[in-house]
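Convention: sequence-line order gives letters A, B, ...; per-chain numbering from 1. Keep in mind it's a predicted model, so treat the numbers as computed, not measured.
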Protein chains: 2
Amino acid sequence: MNESIDILIIEDDEAINRLLCSIVKRSGYHPKPAYSGTEAMIYLEQRRWDMVLIDLMLPGMSGERILEEVTAAGDCPVIIISAKLETQSKINALRGGADDYITKPFDVEEVSARIDSCLRRYGGRTVEKQPAEINYKDIRIVPEAKQVTVNNKTVKLTAREYDILYLLVSSPGKVYAKADLFERVWNEPYYGDDNTINVHLSHVRNKLYEANPDETYIETIWGMGYKMNS
Amino acid sequence: MNESIDILIIEDDEAINRLLCSIVKRSGYHPKPAYSGTEAMIYLEQRRWDMVLIDLMLPGMSGERILEEVTAAGDCPVIIISAKLETQSKINALRGGADDYITKPFDVEEVSARIDSCLRRYGGRTVEKQPAEINYKDIRIVPEAKQVTVNNKTVKLTAREYDILYLLVSSPGKVYAKADLFERVWNEPYYGDDNTINVHLSHVRNKLYEANPDETYIETIWGMGYKMNS
DNA sequence: GAAATTATTAAATCAAACCTTAAGAAAAGC
DNA sequence: GCTTTTCTTAAGGTTTGATTTAATAATTTC
């Protein structure tokens with residue numbers, strides 16, 4: 001039920017892309033950065049996106065071109081983010097199927113508000129705010145403080161470990177394939193041949209075990225992935 | 001719950017003024033239309049406003065002139081709404097103390113979002129009232145006097161340093177990501193690779209340390225942000 | 001039981017995040 | 001205008017976490 005909302009961010013300027021990603025993330029969505037038009041097209045063909053943010057001036061393939069492709073393909077909302085101030089550019093984009101148009105330099109709050117409102121218009125998808133606290137069995141996570149306690153003991157996790165646990169705990173019972181997990185936590189594509197996940201999972205399990213040896217929290221679904229034991 | 005937020009709308013075109021009023025109203029604020037510069041000045045002298053929207057081309061008295069008056073008078077947020085597309089006009093307005101600049105034709109949602117975001121930025125000053133005093137451990141902050149004492153010693157902080165400490169102290173335990181912190185203190189977007197936060201944090205820590213070497217106040221949560229040690 | 005997949009562990013390397021200092025730039029105060 | 005304060009930038013150094021590697025152990029599936 002609580003599926004992640006994935007937003008593709010097409011912007012060649014690295015700093016701005018990073019900023020947009022952080023805005024998206026902070027609103028509770030999942031950003032995926034693309035740094036050129038051609039890179040973006042690869043992701044667009046790969047899967048469905050809940051929203052696309054497009055910078056108009058791009059290397060490889062213009063933003064206008066991408067907008068065409070996206071709108072031709074279907075019903076994915078698009079927000080243009082551009083330095084082009086001319087009304088004509090704005091009108092073209094909106095006529096061309098964009099849902100909104102933000103000019104640079106933009107205001108952080110504004111971007112956030114527009115993304116929310118756009119997703120709302122597209123219906124169904126309610127904006128879920130970060131909960132004050134998640135509990136599962138005797139695991140308690142307070143996102144605001146990035147704090148985790150298990151069995152009433154504080155568990156000190158690194159950022160990665162925290163992200164993993166947070167993901168699993170936020171939908172107990174759901175099986176996360178390694179690739180899913182990797183892409184969510186690391187925000188980069190998963191190339192299969194990686195032991196990193198195993199090691200990190202091991203660390204998480206260890207720390208959970210230290211806090212409460214009587215309980216097994218993370219279960220391995222053989223050949224499929226991991227989930228919180230329910 | 002909130003007392004009403006009054007917004008003065010200075011726009012000579014009756015239709016546009018009506019539209020702006022309805023936008024403001026729909027956002028839950030209280031609009032007051034003014035149709036000329038001179039009329040606006042009367043209202044401005046009468047009372048305090050939570051925000052002013054100004055059209056630049058006005059009969060009676062130019063928008064630029066009004067902007068001067070408003071900013072000279074105090075800390076009321078101003079949004080310029082204008083048909084003037086030139087960057088120069090925009091720059092002049094923003095330099096002159098305007099908080100935002102929207103070009104006509106404008107998007108209803110955009111105006112609404114910008115008003116919201118602007119009020120939010122000004123929030124501390126106009127809407128929410130500050131507590132008389134914040135205490136945490138042996139830190140005492142008196143916001144009205146911008147005064148900080150630690151361990152009963154007065155600590156002299158610069159404006160930025162004060163803002164940082166204030167933010168952290170006002171919700172101890174909460175982890176502030178660098179981006180959050182930066183945006184709240186500097187009021188501008190954070191582009192990731194900046195160490196001015198580090199430097200300022202270092203300064204704050206130093207000063208706290210000088211006042212009380214036995215206590216560690218600000219904790220670094222690696223990869224996540226900073227928080228008051230609890 | 002054999003093969004494939006996953007776990008665990010520790011050590012070594014690497015990279016990112018962070019801290020501090022100092023000096024130049026900008027702003028504020030006199 | 002000059003001085004002082006504050007802010008920012010840059011550079012070098014430190015710490016911490018992430019990753020890789022590898023060797024061994026445990027599971028599951030067939």
Side-chain angles (χ1 to χ4, degrees), chain A residues 14-15 18 21-22 33 146 148 155-168 175-210 213 216-227 229, chain B residues 95 97 146 148 154-166 168 175-210 213 216-227 229:
Chain A
E14 207 172 316
R18 198 162 44 222
C21 281
S22 86
K146 306 271 184 196
V148 178
V155 178
K156 222 179 144 245
L157 298 175
T158 69
R160 287 276 147 88
E161 290 162 5
Y162 175 88
D163 285 348
I164 292 171
L165 186 64
Y166 184 92
L167 186 63
L168 292 174
V175 177
Y176 286 92
K178 281 190 167 183
D180 280 350
L181 217 144
F182 193 83
E183 271 154 31
R184 295 285 193 91
V185 173
W186 275 261
N187 257 319
E188 30 183 280
Y190 177 67
Y191 296 109
D193 59 335
D194 202 76
N195 192 28
T196 305
I197 288 194
N198 288 336
V199 174
H200 279 270
L201 249 122
S202 177
H203 292 160
V204 176
R205 278 174 165 153
N206 259 337
K207 291 184 180 180
L208 294 179
Y209 178 82
E210 276 167 22
T216 310
Y217 297 99
I218 300 173
E219 199 177 338
T220 303
I221 311 299
W222 212 86
M224 295 186 161
Y226 302 94
K227 68 159 187 165
N229 193 338
Chain B
R95 284 261 164 72
K146 304 266 184 199
V148 178
T154 299
V155 177
K156 214 176 150 248
L157 296 176
T158 69
R160 291 275 144 90
E161 290 162 5
Y162 174 87
D163 285 348
I164 291 171
L165 186 64
Y166 184 92
L168 291 174
V175 176
Y176 285 92
K178 280 190 164 186
D180 281 347
L181 219 144
F182 192 83
E183 274 152 30
R184 312 252 328 230
V185 173
W186 273 260
N187 258 319
E188 42 185 88
Y190 177 68
Y191 290 98
D193 58 349
D194 197 347
N195 85 333
T196 127
I197 286 196
N198 292 335
V199 174
H200 278 88
L201 249 122
S202 176
H203 292 158
V204 175
R205 278 175 166 153
N206 263 337
K207 292 183 180 180
L208 295 178
Y209 179 82
E210 276 166 21
T216 310
Y217 298 99
I218 300 173
E219 199 177 339
T220 303
I221 313 297
W222 216 90
M224 295 175 165
Y226 300 95
K227 68 160 187 167
N229 194 338

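- Residue whose closest nucleotide on DNA chain D sits further toward the 5' end, between H200(A) and V199(B): V199(B).
- Residue H203(B) contributes atom NE2, which lies 9 Å from atom C1' of dC7(D) at whole-angstrom precision.
- Fit an axis to the five pairs at each end of the helix from dG1(C)-dC30(D) to dC30(C)-dG1(D) and the two axes sit 50° apart, to the nearest 10 degrees.
- In this structure, the CH2 atom of W186(B) is 12 Å from the C1' atom of dT6(D), given to the nearest Å.
- To the nearest 0.5 Å, atom NE2 of residue H200(B) and atom CG of residue D163(B) are 10.0 Å apart.
- Separating the CG atom in L201(B) from the CG atom in N198(B) is a distance of 7.5 Å, to the nearest 0.5 Å.
- Among the heavy atoms of the strands lying under 4.0 Å from Y226(A) are primed sugar atoms or P, OP1, OP2 only; no base atom is included.
- The shortest distance between the side-chain N/O atoms of R160(A) and the OP1/OP2 oxygens of dG17(D) is not below 4.0 Å.
- The distance from atom CG of N198(B) to atom C1' of dA10(D) is 13 Å, rounded to the nearest whole Å.
- The separation between M224(B) atom CE and dA16(C) atom C1' is 15 Å, rounded to whole Å.
- Out of dT16(D), dT21(C), dT21(D), the shortest distance to the side chain of N195(A) is found at dT21(D).
- Taking the side chain of W222(A) as heavy atoms from C-beta on, and the options dT8(D), dA4(C), dA18(D), the nearest nucleotide is dA4(C).
- In this structure, L201(A) atom CG and dT27(D) atom P are separated by 17 Å, rounded to whole Å.
- Counting any heavy atom pair closer than 4.0 Å across all strands shown, Y209(A) reaches no nucleic acid atom.
- For N206(A) against dT9(C), a side-chain-to-base donor-acceptor contact under 3.5 Å is absent.
- Atom CD of E219(A) is separated from atom P of dT6(C) by 14 Å (rounded to the nearest Å).
- In this structure, L157(A) atom CG and dT16(D) atom P are separated by 17 Å, rounded to whole Å.
- Under 4.0 angstrom from either OP1 or OP2 of dC7(D) there lies at least one side-chain N or O belonging to T158(B).
- Rounding to the nearest 0.5 Å places CG of L165(B) at 14.5 Å from NE2 of H203(B).
- Of all nucleotides listed (dT8(D), dT8(C), dG17(D)), dT8(C) comes nearest to the side chain of R205(A).
- Comparing dC18(C), dT6(C), dT8(D) by their closest approach to the side chain of K178(A) singles out dT6(C).
- Taken to the nearest 0.5 Å, the OG1 atom of T196(A) stands 10.0 Å off from the NZ atom of K178(A).
- Of all nucleotides listed (dG17(D), dT8(C), dT9(D)), dT9(D) comes nearest to the side chain of T196(B).
- Using cut-offs of 30° and 60° on the angle between ring planes, the pair F182(B) and W186(B) is parallel.
- Atom OH of Y176(B) sits about 7.0 Å away from atom CG of L168(B), to the nearest 0.5 Å.
- Remark: I221(B) CD1 to K227(B) NZ distance equals 5.0 Å, nearest 0.5 Å.
- For S202(B), taking side-chain heavy atoms from C-beta onward, the closest of the listed nucleotides dT20(C), dT6(D), dA18(D) is dT20(C).
- Rounded to whole angstrom, the span from the CZ atom of F182(B) across to the C1' atom of dA17(C) amounts to 17 Å.
- Between G223(B) and G225(A), the one whose closest nucleotide on DNA chain C sits nearer the 5' end is G225(A).
- Nucleic acid contact class of T220(B) (heavy atoms, under 4.0 Å, all strands): sugar-phosphate only.
- Summarising the geometry of R205(A) relative to T220(A), their closest heavy-atom pair is NH2-OG1, 2.8 Å, with the distance given to 0.1 Å.
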